[in-house]
Amino acid sequence: LILILISLAGQSQIISKFTWNTVAAKTKADIGPDAISISKNSFLCSSGFAGTKGLNPGNSNEDINMKLPGYYYNVPGIDLSLSFRREKNEGSFFKRGDDFNFGMYNGNLVVIFKVKTSVKTQKTINSGYIYRIPMDGEFHQYHFRYTASTGKAEVWVDNAVVYTYTGI
């Protein structure tokens with residue numbers, strides 16, 4: 001499950017959602033635009049989170065590399081949630097060029113994002129290592145939210161806050 005929400009003034013609206021439970025195509029979104037491309041070896045499997053379908057890279061040495069249309073995600077705030085089972089040490093859950101990367105480095109959860117400090121300037125926030133992602137064969141929930149109106153970012157693992165950025 002990948003779920004992306006836009007948050008404006010305390011209200012959330014789903015702008016993108018992939019569950020793979022009701023569709024046969026791995027690039028087909030339940031809500032929002034379909035993926036533009038995906039790794040050729042990836043496939044839908046029945047061993048997803050909580051008995052749902054999931055997306056498998058098909059080769060442990062490759063990433064899924066699902067590409068989404070970037071224009072659609074030009075939003076002031078974002079709320080992103082996914083279920084993930086660790087099987088390697090590196091990877092991005094969601095990445096957008098050099099502006100955003102939520103994922104894993106050296107087995108640790110990290111988030112790097114840019115925030116506007118003024119109309120013409122921005123600042124890169126690098127969380128450093130937030131949380132050691134267990135390689136326990138279990139799915140865990142990873143959630144990132146940035147609220148533009150407050151400048152606050154938070155990361156949750158299994159519904160517990162593990163990182164907070166409190167603004168500019």
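Only a predicted model underlies this, so the values are computations on that prediction, with no experimental measurement involved.
Side-chain polar atoms of Ser42 and Lys26 form a donor-acceptor pair below 3.5 angstrom. For His143 and Asn159, the side-chain atoms include no donor-acceptor pair closer than 3.5 Å. Inspection of the Thr27 and Asp34 side chains reveals no N or O donor paired with an N or O acceptor under 3.5 Å.
For the pair Arg86 (side chain) and Ile133 (backbone), a donor-acceptor distance under 3.5 Å is present. Judged by distance alone, with hydrogens and angles left aside, the side-chain atoms of Asn56 form no donor-acceptor pair with the main-chain N or O of Leu44 at under 3.5 Å. Using modelled atom types, one side-chain atom of Asn108 and one backbone atom of Asn106 make a donor-acceptor pair closer than 3.5 Å. Not one N or O on the side chain of Ser92 forms a donor-acceptor pair closer than 3.5 Å with the backbone of Asn101. In terms of modelled atom types and a separation under 3.5 Å, the side chain of Ser16 and the main chain of Gly32 share no donor-acceptor contact. Asn65 places no side-chain N or O within 3.5 Å of a backbone atom of Ile38 that could act as its donor or acceptor partner. Side-chain atoms of Thr150 come within 3.5 Å of backbone atoms of Lys152 as a donor-acceptor pair (strictly under, hydrogens ignored).
With ring centers used as reference points, Phe94 lies 6.0 Å or more from Phe144.
Note on Tyr131: it clusters hydrophobically with Tyr165, by side-chain heavy-atom contacts below 4.5 Å among ILVMFWY residues.
Heavy atoms only, all atoms of each residue included: Pro134 and His140 are closest at CG-NE2, 3.5 Å.
Annotation for Tyr129: hydrophobic cluster partners, listed by chain and number, are Tyr105, Val110 (ILVMFWY side-chain heavy atoms under 4.5 Å, direct or chained).
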Worksheet entry | Stepwise salt bridge (Lys or Arg N to Asp or Glu O under 4.0 Å) test for Lys88 and Glu90 | CA-CA 6 Å; Lys88 58 184 188 175; Glu90 312 279 328; over 6 Å; no
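Applying the 6.0 Å contact sphere to NZ of Lys114 captures more than 12 heavy atoms from other residues, nucleotides or ligands. Residue Asp98 places its CG atom among 12 or fewer non-hydrogen atoms of other residues, nucleotides or ligands, all under 6.0 Å distant.
Relative ring orientation between Phe93 and Tyr142 is described as tilted, the plane-to-plane angle lying within the 30° to 60° band.
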